[in-house]
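Remarks on the structure that follows.
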Amino acid sequence: MDIRVQTEPFSVGDVLDGFGKGSHDIGAVVSFTGIVRDTGGLTRMVIEHYPGMTERAINEIASEAMERWSLADCLVIHRHGTLVPGDQIMMVATASRHRAAAFEAAEFLMDYLKSRAPFWKKEFGPDGAEWVAAKDEDEDALSRW
Amino acid sequence: MDIRVQTEPFSVGDVLDGFGKGSHDIGAVVSFTGIVRDTGGLTRMVIEHYPGMTERAINEIASEAMERWSLADCLVIHRHGTLVPGDQIMMVATASRHRAAAFEAAEFLMDYLKSRAPFWKKEFGPDGAEWVAAKDEDEDALSRW
Amino acid sequence: MIDVMYFAWVRERIGEPREAVETQAATVVDLVEELKAREPRYEAAFADLSALRVALDQELSDFDAPLDGVREVAFFPPMTGG
Amino acid sequence: MIDVMYFAWVRERIGEPREAVETQAATVVDLVEELKAREPRYEAAFADLSALRVALDQELSDFDAPLDGVREVAFFPPMTGG
């Protein structure tokens, strides 16, 4: 299990090329990468987080995924600080014996990171700055797990 | 759309670092990588395919995914020839505005590649060689789309 | 003495990211009421509790939870990670 | 003249990957019957059609499909890609 909360950019390639190496019973690896879109003339986004609680919350979510889907490995990287359109915000990766578990666990991780990890996004655009509001559908997504 | 049928290994890292670049409306990238597991003392696996039909079938599946989920991009790499445990067999990647579409399209691609792309796997182990039988559950998986 | 932290627009309305608060409040709601009685900026931040979340010692909690033994309380809007 | 191709264990039972077949068969089933009448290895390969799939000109098809204008017929077991 590998969890990183950082301001620095990351290379999905470098991360995935090393992911799950060393385990002999991996048949499926799924990765998700979230990227800043330039909707509505967004110029930049600032992500604030709660140091300490962030690592703790992600650890809890990832541990639950590891156990529930018997993952061979699991990784979460989430950036904070200032990002611009095209920048990678975060990624998750899951490794398991079969594809269904790897897909499900990755979606579970994403759903929980969206509404249970203490990050807040502020968007800066032509009309000023605004905190991104949580979506009901993100909260609803948790009910399927 | 990028489709490759090849004997050569590939680097998920190199592939993903270039994937979706140039498009400005991508918020989510999902990748799946299939790896040869060393179950039951498997020593090697030979993948046979139907040159011509393979490319045509994958093209059809990928085009359907592009349209159905309005993907910004979509990639499929599938190897044939001799592979050993730990080798990567294939990968798919999808890029879209939102995460649900990227996840669903990647699962759709995997389900269809499993039973509609003309590949056949022969496994070599301590008890000799055997063609992998198609699983009912793989055929059933198509019914959800 | 409790460490009280604020994030996102709650932090902006209060005007600072954290402060040490001398309180005997029994629950989170009691603490919120004490803070609101202090200055208008607290009233502005805590006007609608349904728009807020609270964490006690870095674990999500509820507004009616007891503060007994708690060292760190954090107030923030619903999270928007991922 | 039709190009007939075999894959996986069908290829192994027939003993070759492809052959040109002179035939007037109207449907895939008719072609299969002609082949089975030839030699035991064809009978072995086509013993259970429910275990086989057929592609006409590189498109999945059915055993009762007509061969009119078809140039390439391929027989193989259910696919196991991915």
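Throughout, protein chains are lettered first and strands after them, A, B, ... in sequence-line order, and every chain is numbered starting at 1.
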Practice problem: Please test B/Glu60 against D/Glu59 for side chain to side chain contact (heavy atoms under 4.5 Å, CB included), starting from the C-alpha separation and ending with a verdict. | Solution: CA-CA 11 Å; B/Glu60 215 167 279; D/Glu59 288 279 359; 3.4 Å; yes
Surrounding [atom1] of [X] (heavy atoms of other residues, nucleotides or ligands, distance under 6.0 Å), is the total greater than 12?
X       : atom1 : answer
B/Gln6  : CD    : yes
D/Asp68 : CG    : no
B/Glu8  : CD    : yes
D/Arg71 : CZ    : no

Quiz item: What is the minimum heavy-atom distance between D/Pro77 and B/Trp120, and which atoms define it?
Solution: O-NE1, 2.8 Å
Quiz item: Side chains of D/Thr80 and B/Lys114: closer than 4.5 Å at any heavy-atom pair?
Solution: no
Quiz item: Do any N or O atoms from the side chain of B/His78 and from the backbone of D/Gly81 form a donor-acceptor pair under 3.5 angstrom?
Solution: no
Quiz item: B/Lys121 side chain to D/Gly82 main-chain N or O, any donor-acceptor pair under 3.5 Å?
Solution: yes
Exercise. List the steps and the verdict of side chain to side chain contact (heavy atoms under 4.5 Å, CB included) for D/Asp57 and B/Met53.
Key: CA-CA 8 Å; D/Asp57 289 332; B/Met53 179 171 167; over 6 Å; no
Exercise. Against chain D, label B/His80 side chain, backbone, both or neither, depending on which of its atoms sit under 4.5 Å from a heavy atom there.
Key: neither
Quiz item: Given that the side chain runs from C-beta out, which part of B/Arg116 has a heavy atom under 4.5 Å from chain D: side chain, backbone, both or neither?
Solution: both
Practice problem: Under the side chain to side chain contact (heavy atoms under 4.5 Å, CB included) rule, what do B/Glu48 and D/Phe7 come out as? Steps first, then yes or no, please. | Solution: CA-CA 8 Å; B/Glu48 184 172 331; D/Phe7 293 96; 3.4 Å; yes
Exercise. Rounded to the nearest 0.5 Å, what's the gap from CE on D/Met79 to CG on B/Asp138? Could you check?
Key: 12.0 Å
Quiz item: Checking heavy atoms, do the side chain of D/Ala55, its backbone, both or neither come under 4.5 Å from chain B?
Solution: side chain
Exercise. Sort D/Arg53 into side chain, backbone, both or neither according to what part of it lies under 4.5 angstrom from a heavy atom of chain B.
Key: neither
Quiz item: Between B/Gly34, B/Pro118, B/Ala57, which has the largest tally of heavy atom pairs under 4.5 Å with chain D?
Solution: B/Pro118
